[in-house]
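Counting begins at 1 with the first residue of the sequence.
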Amino acid sequence: MRKARADALKISVTGPQGSGKTTQAKLLADFLGLPMISTGEILRQKSLENNEIGKEIKSSVDKGEMVNDEIVHRLIGEKINEVKNGFVMDGYPRSLGQLDHLDPHFDKVFYLEINDDLVKVRLLKRGRADDSPEIIAERLELYHQLTEPLLLRYKDQGILQIIDGSGSIDEIQNSIREKLNES
């Protein structure tokens with residue numbers, strides 16, 4: 001890992017939907033005093049806007065599809081430029097293509113490893129409109145197909161930290177903080 005000041009750390013918390021990555025990213029951002037960039041939150045907010053981009057995002061989300069990369073690149077790029085220094089990222093990139101187009105140059109990537117059955121249980125419990133069993137299955141299939149190759153890239157870069165995502169919120173956060181201190 002490259003050495004970076006705590007206020008300049010660029011960290012990603014990733015994992016399948018329902019792994020708790022947003023919760024963990026927020027806790028870590030608060031702990032480190034860094035801004036959090038949540039791709040899901042940015043896309044949900046934009047999907048409420050009554051314009052072409054909002055409608056396109058909403059349509060993709062409702063179908064369980066990935067949002068168009070060009071839209072994601074623009075929105076995430078704008079947010080990264082706003083925060084300038086360090087941040088904790090949740091939900092980007094989702095594919096090697098996204099990473100190749102806009103690489104945030106992470107210092108560490110925390111992957112919350114969790115099995116699909118537990119993901120399904122967690123997502124159905126949260127009760128969002130876009131969490132039907134069919135859409136969950138489609139999103140998990142897309143996740144495994146597109147996102148898992150990123151893990152190999154991060155492993156090759158020496159920045160990947162695998163965290164057991166099946167524990168309690170506190171257990172997972174403690175594991176992340178322990179791994180954060182490892183070089």
Side-chain angles (χ1 to χ4, degrees), residues 1-49 51 53-54 57-58 60-61 66-114 122 126 128 130 143 147 150-151 153-154 157-163 165 167-183:
M1 176 178 113
R2 337 183 262 273
K3 293 292 180 189
R5 297 185 343 255
D7 65 343
L9 281 173
K10 295 177 181 175
I11 298 170
S12 172
V13 179
T14 190
Q17 301 84 352
S19 64
K21 64 185 174 293
T22 301
T23 298
Q24 294 302 326
K26 177 157 182 25
L27 289 170
L28 185 60
D30 289 347
F31 174 73
L32 295 172
L34 294 173
M36 180 179 140
I37 300 174
S38 172
T39 306
E41 185 58 32
I42 291 169
L43 293 175
R44 278 188 288 280
Q45 289 299 317
K46 287 289 182 185
S47 75
L48 299 175
E49 295 178 7
N51 56 35
I53 290 174
I57 292 170
K58 182 172 180 3
S60 295
V61 169
M66 301 278 281
V67 174
N68 175 295
D69 279 351
E70 291 305 314
I71 292 172
V72 173
H73 296 149
R74 190 174 90 222
L75 297 175
I76 296 303
E78 289 170 0
K79 195 66 172 175
I80 288 172
N81 287 335
E82 284 176 25
V83 298
K84 299 204 185 325
N85 291 319
F87 53 82
V88 176
M89 179 81 68
D90 160 33
Y92 182 88
R94 294 274 176 118
S95 68
L96 286 174
Q98 285 184 347
L99 180 64
D100 291 340
H101 185 81
L102 176 65
D103 186 347
H105 303 287
F106 296 118
D107 296 294
K108 285 223 179 193
V109 174
F110 295 101
Y111 169 63
L112 305 182
E113 188 173 57
I114 183 171
R122 287 182 178 180
R126 74 182 183 183
R128 283 199 335 222
D130 61 335
Y143 172 80
T147 307
L150 286 170
L151 301 178
R153 171 91 51 97
Y154 294 142
Q157 292 175 352
I159 60 173
L160 180 66
Q161 299 290 328
I162 298 174
I163 305 292
S168 71
I169 291 172
D170 290 340
E171 289 169 339
I172 296 167
Q173 185 63 199
N174 288 337
S175 294
I176 290 172
R177 290 179 188 181
E178 286 172 15
K179 296 268 187 190
L180 183 65
N181 294 323
E182 296 175 6
S183 293

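Arg74 has a carboxylate O that lies under 4.0 Å from a charged side-chain N of Glu78, or vice versa, which qualifies the two as a salt bridge. The residues Asp100 and Arg153 are annotated as salt-bridged, a charged nitrogen and a carboxylate oxygen being separated by less than 4.0 angstrom.
The closest donor-acceptor contact from the side chain of Gln24 to the backbone of Ile169 lies under 3.5 Å. Checking side-chain atoms of Ser19 against main-chain N and O of Gly165 turns up no donor-acceptor pair under 3.5 Å. Using modelled atom types, one side-chain atom of Asp107 and one backbone atom of Lys10 make a donor-acceptor pair closer than 3.5 Å. Between the side chain of Asn174 and the backbone N or O of Asp170, at least one donor-acceptor pair lies under 3.5 Å. A donor-acceptor pair is defined here as one N or O able to donate and one able to accept, closer than 3.5 Å; such a pair exists between the side chain of Glu171 and the backbone of Ser168. Thr147 places a side-chain N or O within donor-acceptor distance of the main-chain N or O of Arg94, the cut-off being under 3.5 Å. Counting only distance, with no hydrogens or angles, the side chain of Lys108 and the backbone of Lys179 share a donor-acceptor pair below 3.5 Å. In this structure, the side chain of Tyr92 does not engage the main chain of Pro104 through any donor-acceptor pair within 3.5 Å.
Taking all atoms of both residues into account, the shortest heavy-atom contact from Gly18 to Arg122 is O-CD, 2.9 Å. Closest heavy-atom contact between Gly77 and Leu102: N-CD2, 3.6 Å.
Atoms OG and NZ, from Ser12 and Lys21 in turn, are 10.0 Å apart once rounded to the nearest 0.5 Å. Here the CD1-OG distance, from Ile57 to Ser47, works out to 6.5 Å after rounding to the nearest 0.5 Å. Atom CD1 of Ile53 and atom CD1 of Ile71 lie 5.5 Å apart (nearest 0.5 Å). Summarising the geometry, atom OG1 belonging to Thr14 is positioned 8.0 Å from atom CG belonging to Asp90; distances are rounded to the nearest 0.5 Å. The structure places CD of Gln173 at 11.0 Å from NZ of Lys26, a figure rounded to the nearest 0.5 Å. Within the model, atoms CZ of Arg44 and NZ of Lys58 stand 13.0 Å from one another, a figure rounded to the nearest 0.5 Å.
By the 4.5 Å heavy-atom criterion applied to side chains, Val13 and Val88 are counted as neighbours. Residues Ile37 and Ile42 form a side-chain contact, since some pair of their non-hydrogen atoms from C-beta on lies under 4.5 Å apart. Residues Leu28 and Phe110 are in side-chain contact: their nearest non-hydrogen atoms beyond the backbone lie under 4.5 Å apart. Put simply, the side chain of Tyr111 does not reach to within 4.5 Å of the side chain of Leu150, judged on heavy atoms. The side-chain heavy atoms of Leu32 and Ile11, taken from C-beta on, include a pair separated by under 4.5 Å. Looking only at side-chain heavy atoms (C-beta outward), Thr23 and Ile172 stay at 4.5 Å or farther from each other. Counting heavy atoms from C-beta outward, Ile176 and Leu112 have side chains that approach closer than 4.5 Å. With a 4.5 Å cut-off on side-chain heavy atoms, Ile80 and Phe87 count as touching.
His101 and His73 have parallel rings, their planes meeting at less than 30° on a 0 to 90° scale where 60° marks the start of perpendicular.
Checked by atom type, the side-chain pair Glu70/Asn68 shows no donor-acceptor distance below 3.5 Å.
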